[in-house]
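Here the structure comes first, spelled out in structure tokens, and everything after it is commentary.
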Amino acid sequence: MSHFVSPEDPLRDDQPAYAAAFEGWLAAGPAAFRDAARPIVSSERRAAATRELMRTLFDDGWSRYGWPTPAGGLGGDIMHRAAMWEALARHGLPTMAMFEHLEILAPTLVAMGRPAFVAQVLPTFLRGQECWSQGFSEPDAGSDLASLRTRAVPIDGGHVITGRKIWTSWAGYARWCLVLARTGSVEDRHRGLTAFAVDLRSPGVEVRAIGQANGTDELAEVTFDGVPVGPDRVIGDLGGGWRVAMHILSHERGTFAWFRHCLLQGYLSGALETGSPAGAPEFGSPAGDGALGQAVLDLAAVRAASYAGLRAQAADAPLGVRAPFVKLLLCAAERSLNDWVLESDPTLALGVGDDHAAVAWQEYLFSRIVTVYGGSQQMQLDTIAKQVLRLP
Amino acid sequence: MNAALDGVDDPFLEAAGQALRAAGDGPDPLTALGWWDLLPDLGDRDVRAAALALFRAHGRELSSSVALGALLAQPFRASAPAAPGTLVATIASSAPGRGARLLVVGDVRGKVLLIDRPGHGADLVAASDLELRPLAPAGGLAIHEVPVGGVEPDRSARLGVIAEREAAPARVRARFLGRLAVAWEILGAAESALALAVTYAGHREQFGRPIGTFQAVRHLLAWARTDCAALGSVAALATSLDELAPARYDEVVKALAGRNGRRICEQALQVLGAVGFTTEHRHHAYHGRVLALDALLGSSAELTHGLGAWVRETGTDPSVPAATLWSSPDRS
């Protein structure tokens with residue numbers, strides 16, 4: 001396949017053709033894909049295998065579709081990315097790992113970052129060399145994001161950032177962190193914020209990994225002690241951080257559901273095909289058919305709703321009020337699928353079994369917290385009550 | 001009504017609502033809407049969406065017509081000698097201990113009834129030759145039971161017979177369309193129940209303020225609205241895909257409709273409090289309509305369990321294939 005940007009590129013201009021061509025590439029069973037599709041319990045080995053897959057997808061051109069050419073992509077839109085990840089998941093890739101931020105942060109970077117900076121960082125992100133993390137939450141600012149206290153003080157030639165971020169997904173693996181910091185006063189609430197791209201290798205940055213209850217280590221606490229950031233690293237406008245945050249959250253809650261639900265769908269198929277997640281020859285029993293049926297319904301709901309979101313995004317229509325629904329439906333599907341898994345094999349909780357079982361247990365536990373991540377379920381419900389139902 | 005009802009930009013939904021409200025002793029609303037003229041062109045996406053919007057309007061208005069039976073009969077039309085606007089299918093229903101029953105929805109006087117007999121083709125019978133027994137479920141669903149004698153009419157009473165080889169494919173198509181229609185009607189009724197509860201929460205005061213300001217109440221209503229959004233998305237996708245939808249997607253749609261419709265009504269009832277359980281309030285009518293519709297063409301409980309068993313036993317991925325979505329005609 002050609003890697004240069006040509007005025008006529010059938011894969012760029014014809015997304016179903018792209019999807020079919022990628023299907024052919026996957027069907028040939030490339031080694032990097034096979035390695036990443038195995039069940040891997042260790043976070044570090046998982047990260048390494050996923051990085052290698054990303055390198056191959058970039059070098060062969062596939063992951064460059066769906067991103068604009070000035071930023072190092074090959075053109076096309078979100079439907080290309082949706083097709084690539086759907087196929088990877090359907091063929092057995094269990095997770096996007098730290099590259100889930102490609103679909104949460106990168107659309108905002110591309111839309112709001114300085115073009116030269118985006119052209120520098122997007123290709124290295126896509127190629128798996130340099131990952132990104134999202135520095136929003138703080139010890140005293142979770143759902144109430146507008147009360148965050150990390151400060152960015154102007155100096156000659158930029159800002160200096162001081163503060164503490166927590167629950168920063170993938171910071172332990174990331175080169176970059178998109179930090180939401182206060183450039184105005186605390187009383188300004190959401191109006192006094194600015195988004196910065198901070199190099200986590202800068203002096204004054206300290207990253208402390210936080211082990212999660214499911215044995216993975218994607219979370220971290222990040223401390224910034226007088227970290228200088230140049231003006232080209234501002235994302236969006238000075239004082240426009242809230243807009244950046246809302247853009248990111250609309251993706252995290254809206255379109256990201258498509259990508260995540262594909263992994264759930266693939267997980268279900270894998271369980272039924274191979275007898276994993278329990279590593280047993282058969283999985284499930286008639287007693288669990290009702291629970292499995294519920295999962296099928298919930299998956300169908302998030303698929304239909306998130307597909308509509310993709311189409312709206314591709315047509316440049318605002319995601320708007322769709323996002324909280326899609327986010328809630330994704331959580332429901334993730335929970336009901338894992339409810340069925342655990343009902344089908346309660347011994348997962350005892351730690352018996354092989355790597356399939358260990359990963360199934362990690363997934364089950366993770367499904368208990370998805371209703372918190374990316375905006376708690378209560379906040380989504382509040383948004384619907386206010387913005388959709390217009391309750392007093 | 002209010003913000004709980006979306007789809008107001010759908011001109012056919014609006015038109016259908018108006019026609020149903022205006023019906024009374026006037027002309028047949030299906031004729032007034034030109035609804036019968038849509039049936040031969042259900043293969044067209046826009047026509048199909050318009051034809052199915054009638055059912056959502058039926059749910060909202062709690063009205064009834066022969067439209068469901070007509071839709072179920074449409075796939076048999078090629079083999080059924082009946083004038084346009086006259087053929088209406090019966091709906092089979094069964095429950096353990098109750099045996100099989102045949103039902104018809106709407107006023108079928110003067111119609112030709114199509115009685116499907118899976119494995120044995122289908123019969124055409126004049127409705128006037130049968131003694132129909134009215135049932136009276138809550139929610140104003142005009143439904144009649146076709147007496148057992150009517151199931152086995154004399155050969156001489158039949159207007160026609162459709163051979164099994166023609167009936168078999170028509171039956172599959174009919175079930176798809178019928179389940180989709182009932183799902184839209186459930187959405188219409190459930191979202192109307194929700195709209196009542198949202199309005200109520202906005203003005204009913206306790207502790208000196210509207211109960212809609214309390215987070216516990218707001219969340220009940222927001223969950224219900226989420227269930228509406230889920231059902232609307234799935235029903236819209238199925239309507240758009242039609243014959244491109246994967247196997248048993250009609251079961252997914254109908255099962256989701258029954259489950260979500262019931263949940264929506266239950267949340268709405270909880271917000272309304274005791275008045276919602278009285279005959280003085282309209283909630284019970286919408287709620288009853290949803291429950292009655294859940295019982296037609298496969299209940300949520302039955303379909304959900306069946307889907308689970310099928311997926312487990314066959315390892316089938318029941319989702320709409322991505323390739324179908326990528327190439328679907330409605331891509332903007």
Side-chain angles (χ1 to χ4, degrees), chain A residues 15-16 18-20 23 79 82-83 86-87 90 262 265 268-269 272-273 283-286 288-308 310-312 314-315 317 322 324-326 328-329 332 340 378 380-386 388-392, chain B residues 2-4 6 194 198 201-203 209-210 212-213 215 217-223 225-227 229-238 249 252-253 255-256 259-260 300-301 303-323 325-327 330-332:
Chain A
Q15 183 260 13
Y18 166 86
E23 195 74 29
M79 303 307 277
E86 189 280 336
R90 180 162 37 78
C262 288
Q265 199 80 55
L268 171 59
S269 297
L272 294 165
E273 266 170 34
F283 196 78
S285 72
D289 286 345
L292 177 53
Q294 296 292 342
V296 167
L297 301 189
D298 289 328
L299 284 165
V302 68
R303 190 173 188 82
S306 66
Y307 170 66
L310 287 180
R311 284 188 40 204
R322 195 188 300 274
F325 292 127
V326 180
L328 290 170
L329 297 177
W340 168 71
Q378 288 71 31
Q380 309 307 319
L381 293 168
D382 278 352
T383 301
I384 292 166
K386 188 173 158 192
V388 182
L389 298 177
R390 304 199 180 285
L391 285 165
Chain B
N2 66 28
D6 68 0
L194 174 59
V198 168
H203 64 68
R209 55 191 176 119
T213 60
Q215 201 174 41
V217 170
R218 296 165 76 86
H219 285 192
L220 287 176
L221 295 169
W223 272 125
R225 185 60 183 78
T226 305
D227 276 338
L231 175 53
S233 298
V234 172
L237 183 58
Y249 201 62
V252 170
V253 178
L256 189 79
R259 182 191 79 173
N260 286 21
S300 182
L303 294 173
T304 303
H305 196 273
L307 284 165
W310 172 64
V311 166
R312 178 181 53 78
E313 286 165 3
T314 63
T316 306
D317 177 350
S319 64
V320 178
L325 294 176
W326 307 149
S327 57
D330 61 339
R331 277 217 35 208
S332 43

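Order of the sequence lines fixes the chain letters, A, B, ..., with proteins taken first and strands second; residue numbering starts at 1 for each chain. All heavy atoms count here, side chains included; hydrogens, waters and symmetry mates do not.
At a threshold of 4.5 Å between non-hydrogen side-chain atoms, the residues Val198(B) and Leu194(B) count as touching. Side-chain contact between Phe283(A) and Leu272(A) is absent, with no heavy atoms from C-beta onward closer than 4.5 Å. At least one side-chain heavy atom of Arg303(A) sits less than 4.5 Å from a side-chain heavy atom of Glu86(A). Proximity of Leu329(A) to Thr226(B): side-chain heavy atoms (C-beta onward) are separated by under 4.5 Å at one or more points. Contact check for Arg218(B) versus Lys386(A): side-chain heavy atoms found under the 4.5 Å cut-off. Looking at heavy atoms from C-beta onward, Leu256(B) lies out of side-chain contact with Thr304(B) at the 4.5 angstrom threshold.
If you measure heavy-atom distances from Trp310(B) to chain A, you find no contacts under 4.5 Å at all. For Glu23(A), no part lies under 4.5 angstrom from a heavy atom of chain B. Both the backbone and the side chain of Gln294(A) have a heavy atom closer than 4.5 Å to some heavy atom of chain B. Looking at Ala87(A), there are no atoms closer than 4.5 Å to chain B (heavy atoms on both sides), in backbone or side chain. If you measure heavy-atom distances from Thr383(A) to chain B, you find no contacts under 4.5 Å at all. Residue Ala19(A) touches chain B through its side chain alone, counting heavy-atom pairs closer than 4.5 Å. Interface residue Ala255(B): backbone and side-chain heavy atoms are both found under 4.5 Å from chain A. When heavy atoms are compared at a cutoff of 4.5 Å, Gln215(B) approaches chain A solely by way of its side chain, counted from C-beta outward. Contacts between Arg259(B) and chain A at a heavy-atom distance below 4.5 Å involve the side chain alone, from C-beta outward.
Ranked by non-hydrogen atom pairs under 4.5 Å with chain A, the options Val320(B), Val252(B), Leu307(B) are led by Val320(B). Counting heavy-atom pairs closer than 4.5 Å to chain B, the top-ranked of the candidates Ala295(A), Pro286(A), Ala305(A), Ala291(A) is Pro286(A). In terms of heavy-atom pairs under 4.5 Å with chain B, the best-connected choice from Ile384(A), Leu292(A), Leu268(A), Leu297(A) is Leu297(A). Note on Ala301(A), Ala300(A), Cys262(A), Ala83(A): by heavy-atom pairs under 4.5 Å with chain B, the leading option is Ala83(A).
For Ala222(B) against Leu389(A), the heavy-atom pair with the smallest separation is N-CD1, 3.8 Å.
Atom CH2 of Trp340(A) and atom CG of Asp298(A) lie 14.0 Å apart (nearest 0.5 Å).
Trp326(B) and Tyr307(A) have tilted rings, their planes meeting at an angle from 30° to 60° on a 0 to 90° scale.
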